[in-house]
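Here, residue 1 is the first one in the sequence, and each next residue gets the next number.
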Amino acid sequence: MDQKYRKKLNAEFLETKPLMGVLAILNNAENKIFIKESINLRALSNRIRFELNNGQFDNRSLQDDWIRLGEESFVFENAIILPWEDDKFVDYKKKVLKACNDLKEEQSKTKNIY
């Protein structure tokens with residue numbers, strides 16, 4: 001691989017920001033929802049799916065439903081995506097947690113929350 005091209009790719013990678021926000025896992029069969037916040041939604045989604053498929057997820061209720069109903073009964077959805085800001089003094093963890101709590105409050109009116 002050309003050295004200049006490699007440096008360009010490396011610089012682009014370092015500039016890339018992960019997708020930040022709130023992940024919702026919908027149990028369509030029983031009208032239940034699991035909500036979790038993260039600064040890296042793709043990594044969170046992959047980790048949870050891996051743990052559920054291997055029977056290792058820490059939320060036993062969701063894990064039991066996953067085993068009983070099967071993966072096809074669940075939908076992974078990026079419910080809220082928060083934009084990155086150029087301001088270096090933003091507490092992203094706090095912003096994501098607030099968005100998660102707001103979504104839980106809103107969803108608790110119509111769905112059962114894990």
Side-chain angles (χ1 to χ4, degrees):
M1 182 182 296
D2 184 89
Q3 188 73 11
K4 289 180 184 178
Y5 182 66
R6 186 175 178 156
K7 281 187 177 185
K8 180 184 173 227
L9 288 178
N10 194 25
E12 287 175 6
F13 173 76
L14 293 174
E15 294 283 323
T16 305
K17 304 263 192 263
L19 198 59
M20 170 178 62
V22 181
L23 175 71
I25 302 173
L26 307 166
N27 174 343
N28 291 326
E30 298 177 338
N31 198 33
K32 293 181 182 178
I33 189 168
F34 176 81
I35 300 171
K36 182 74 175 164
E37 77 282 348
S38 179
I39 293 190
N40 190 338
L41 286 175
R42 287 184 190 99
L44 177 65
S45 179
N46 288 338
R47 180 179 59 84
I48 289 175
R49 190 180 301 270
F50 177 82
E51 289 176 354
L52 286 168
N53 285 328
N54 289 294
Q56 300 172 343
F57 195 61
D58 58 352
N59 185 309
R60 290 312 314 164
S61 180
L62 175 57
Q63 181 67 65
D64 292 343
D65 287 350
W66 183 272
I67 292 169
R68 184 171 47 83
L69 299 171
E71 184 173 352
E72 60 278 354
S73 296
F74 295 86
V75 175
F76 283 66
E77 177 181 288
N78 292 331
I80 298 173
I81 297 175
L82 298 174
W84 288 90
E85 298 173 22
D86 291 334
D87 187 359
K88 304 265 189 220
F89 301 107
V90 175
D91 187 353
Y92 290 112
K93 287 183 180 181
K94 197 179 271 188
K95 281 183 79 167
V96 171
L97 187 58
K98 182 183 179 341
C100 181
N101 290 335
D102 292 347
L103 183 63
K104 283 181 181 179
E105 185 178 320
E106 177 187 321
Q107 290 294 320
S108 68
K109 297 172 186 171
T110 58
K111 293 181 174 42
N112 295 323
I113 296 180
Y114 283 103

Is Phe50 atom CZ crowded by more than 12 heavy atoms from other residues, nucleotides or ligands, each under 6.0 Å away? no

Exceeds 12 heavy-atom contacts within 6.0 angstrom, atom NZ of Lys32: yes

Closer than 3.5 angstrom, by distance alone: can the side chain of [X] be matched with the main-chain N or O of [Y] as a donor-acceptor pair?
{"X": "Ser108", "Y": "Glu105", "value": "yes"}
{"X": "Gln63", "Y": "Leu52", "value": "yes"}
{"X": "Asn53", "Y": "Arg49", "value": "yes"}
{"X": "Trp84", "Y": "Pro18", "value": "yes"}
{"X": "Asn59", "Y": "Leu62", "value": "yes"}

Decide yes or no for [X] and [Y]: does some side-chain heavy atom of the first lie under 4.5 Å from some side-chain heavy atom of the second?
{"X": "Lys111", "Y": "Leu26", "result": "yes"}
{"X": "Asn54", "Y": "Glu51", "result": "no"}
{"X": "Leu23", "Y": "Asn78", "result": "yes"}

Should the pair Lys98-Asp102 be classified as a salt bridge under the 4.0 Å nitrogen-to-oxygen rule? yes

Can the ring centroids of Phe57 and Tyr114 be said to lie less than 6.0 angstrom from one another? no

Relative to the ring of Trp66, is the ring of Phe74 parallel (under 30°), tilted (30 to 60°) or perpendicular (over 60°)? tilted

Hphob cluster co-occupancy, Leu69 + Phe34, side-chain heavy atoms under 4.5 angstrom: yes

Do Leu44 and Met20 belong to the same hydrophobic cluster, where Ile, Leu, Val, Met, Phe, Trp and Tyr are linked whenever their side-chain heavy atoms lie under 4.5 Å apart, directly or via other members? no

side-chain contact (heavy atoms from CB on, under 4.5 Å) partner of Glu30, chosen from Asn27, Asn28, Ile33: Asn27

